[in-house]
Amino acid sequence: MLTPDRRTRRVDDPGVTTFARYAFAPNELGYCGPEDFVELLHGEPSRIAERANEFEGAWAYLVTLAEAIGNRDPLDAAIVHAYWVGDDLLAQVDPQVLLDNLRARIRGPATGLLHSVAAAAKPPAHHNFHVLAVYPWVTLLHVDDTTPLSILQNCCIRAGEVESVHGDVARVSRRELSFDGAHLSLGSPTTAPARWRLPGHEMIAEPVAGLSVSLHWDWICGVLEPSEAAQLEMITQRVLDIVNPCLDALRDGRRTK
C-alpha cells in the first residue's frame, strides 16, 4: 500500500490542509490520530502529511482511492475531497477491492457490519460508509440507541446551512440521523451550534448566514457548493441503503440464537 508522500509541500497544500480540517474534530476528542495533531495543525504541511497515516481508518480509504486512479498521492486534493465530501472519483474504486483492503486492515470483533456488506451493494470509499458500516457503534443501536446514535450522527460528514454567527460559533441547520428501532434514516433539519475557528486557526473564513457548509462533530470544516451538499446527502442515503439490510440480518440472526 502507498505510504505518505514525503516530497516538499507548498505552505498552502490544499489536500493536506483539507485533510487536517476534517481530521481535527475526532482527534481533538481523542478518537484517532497522533496526540500532537493540534500542534501539527499550526505547522508545515509536510509534517501533517508524514503523520496522516496515523489516522488508520481514513488512510485505508485514501490509499484505496489513490491506487484506483493511478497510484497518486493519497493526500492529493481531489482524493481527500472524494473521501470526506464525495464526488465522481468514488465510482472509480472497485467495491470488492475496497472491501478486501478494509478487511485486511480492520480485523477482530470491532468491525461493525463490514463482514455483512457485499461488493454488489457498491459501498463507496467515503467517510460516512466507514462511520455507518464499519464502526462498531452501529451494532450497539439495539442495546441503547442514545449514545451510539449520537456518535454515529456526529462523526458523519453532514451538510448544513448557516443561520447565524456569534463569535467563534455559528448556528447551523442540518439533517441528523434518526433510528426507529430497526433502521437508520435522515431526519428533519435541526439547528445546533458549530465552531468555525479556534485560537490562532480558522477552519474557514468567517461564515455568514445562508452559507452551505460541511460539518464533522461540532466543527465547520468547509464551504460547499449546492451541488456538493446534494452529493454528500445522496452518498449518505446510499450508505444507509447498504446498512439497513445488514441491520435486518443482524437482528434476525440474534433472534435465531
Side-chain angles (χ1 to χ4, degrees), residues 14-15 17-33 37-38 41 55 57-58 61-62 77 80-87 90 124 126-135 137-138 146-179 184-198 201-240 243:
T17 54
T18 298
F19 174 82
R21 289 201 312 272
Y22 282 92
F24 171 74
N27 181 265
E28 181 190 38
L29 295 169
Y31 287 145
C32 56
F37 190 68
V38 175
L41 196 63
F55 292 84
Y61 292 84
L62 294 174
V80 172
H81 181 273
Y83 170 68
W84 290 114
V85 178
D87 56 35
L90 296 177
H126 189 274
H127 178 74
N128 290 358
F129 173 74
H130 189 69
V131 173
L132 296 172
V134 182
Y135 275 6
W137 291 103
V138 70
T146 303
T147 298
L149 183 61
S150 176
I151 291 174
L152 291 173
Q153 69 183 15
N154 282 308
C155 197
C156 278
I157 307 302
R158 293 150 290 152
E161 182 176 311
V162 175
E163 292 188 347
S164 60
V165 181
H166 311 276
D168 298 344
V169 178
R171 299 281 298 176
V172 183
S173 173
R174 65 279 191 97
R175 295 180 71 184
E176 301 287 9
L177 287 177
S178 177
F179 183 64
L184 288 163
S185 62
L186 284 171
S188 301
T190 60
T191 301
R195 295 176 285 172
W196 63 274
R197 68 182 175 189
L198 69 161
H201 187 85
E202 295 182 350
M203 293 296 185
I204 64 170
E206 183 170 1
V208 297
L211 190 68
S212 181
V213 296
S214 58
L215 303 153
H216 196 193
W217 291 90
D218 65 341
W219 281 100
I220 294 175
C221 299
V223 177
L224 300 178
E225 295 292 334
S227 60
E228 292 176 312
Q231 175 89 326
L232 178 54
E233 187 165 309
M234 181 182 69
I235 290 170
T236 303
Q237 184 58 57
R238 175 179 160 194
V239 172
L240 292 174
V243 166

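Worth knowing before you read on, the calculation uses all heavy atoms, side chains too, and leaves out hydrogens, waters and symmetry mates.
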> Is the shortest heavy-atom distance from the side chain of Pro193 to the side chain of Asp218 under 4.5 Å?
Replying inline: no

>> Give me the atom names and distance for the closest heavy-atom approach of Ala170 to Pro207.
In response: CB-CG, 4.4 Å

> Is Arg21 reaching over with its side chain to a backbone N or O of Cys221, donor-acceptor style, under 3.5 angstrom?
Replying inline: yes

> How many angstroms lie between atom CZ of Arg175 and atom OG1 of Thr236, to the nearest 0.5 angstrom?
Replying inline: 9.5 Å

>> Please check: side-chain N/O of Thr18 versus main-chain N/O of Gly15, any donor-acceptor pairing under 3.5 Å?
In response: no

>> Strictly distance-based, threshold 3.5 Å: is any side-chain N or O of Asn154 a donor or acceptor partner for the main-chain N or O of Ser150?
In response: yes

> Angle class for the Tyr83/Tyr61 ring planes (parallel below 30°, perpendicular above 60°, tilted otherwise)?
Replying inline: tilted

> CG of Leu152 to CG of Asn128: how many Å apart, nearest 0.5 Å?
Replying inline: 10.5 Å

>> With heavy-atom distances below 4.5 Å as the criterion, would you say the side chains of Phe19 and Leu62 are in contact?
In response: yes

> Which is it for Leu240 and Leu177 under the side chain to side chain contact (heavy atoms under 4.5 Å, CB included) test, yes or no, and what are the steps along the way?
Replying inline: CA-CA 10 Å; Leu240 292 174; Leu177 287 177; 4.1 Å; yes

> How far does CD of Glu206 sit from CD1 of Ile220, to the nearest 0.5 angstrom?
Replying inline: 10.5 Å

> Where the side chain of His127 meets the backbone of Cys155, is there a donor-acceptor pair that is under 3.5 Å apart?
Replying inline: yes

> Any idea how Tyr22 and His216 line up, ring-wise: parallel (<30°), tilted (30 to 60°), or perpendicular (>60°)?
Replying inline: tilted

> Any side-chain heavy atom of Val165 within less than 4.5 Å of one from Trp196?
Replying inline: yes

>> As a quick check of understanding, evaluate side chain to side chain contact (heavy atoms under 4.5 Å, CB included) for Trp137 and Thr147, giving each step before the final call.
In response: CA-CA 9 Å; Trp137 291 103; Thr147 298; 4.0 Å; yes

> Checking side chain to side chain contact (heavy atoms under 4.5 Å, CB included) for the pair Leu149/Leu184: CA distance, chi angles, key distance, verdict?
Replying inline: CA-CA 9 Å; Leu149 183 61; Leu184 288 163; 3.8 Å; yes

>> For Phe24 and Trp219, take the angle between the two ring planes, folded into 0 to 90°, and tell me which bin it lands in: parallel under 30, tilted 30 to 60, perpendicular over 60.
In response: perpendicular

>> Show every salt bridge (charged side-chain N to carboxylate O under 4.0 Å, His left out) that has at least one partner inside residues 155-170, sequence neighbours left out.
In response: Arg158-Glu176, Asp168-Arg197

> Hey, does the side chain of Trp217 reach the backbone of Ala194 with a donor-acceptor pair shorter than 3.5 angstrom?
Replying inline: no

Can I get a per-line list of side-chain donor-acceptor pairs under 3.5 Å for residues 222-232, giving both atom names and the distance, sequence neighbours left out?
residue: Glu228; atom: OE1; partner: Glu225; partner atom: N; Å: 2.8
residue: Glu228; atom: OE2; partner: His81; partner atom: NE2; Å: 2.9

>> Run Leu186 and Glu233 through side chain to side chain contact (heavy atoms under 4.5 Å, CB included) and show every step you take.
In response: CA-CA 9 Å; Leu186 284 171; Glu233 187 165 309; 3.7 Å; yes

> Is any side-chain heavy atom of His126 closer than 4.5 Å to a side-chain heavy atom of Leu90?
Replying inline: yes

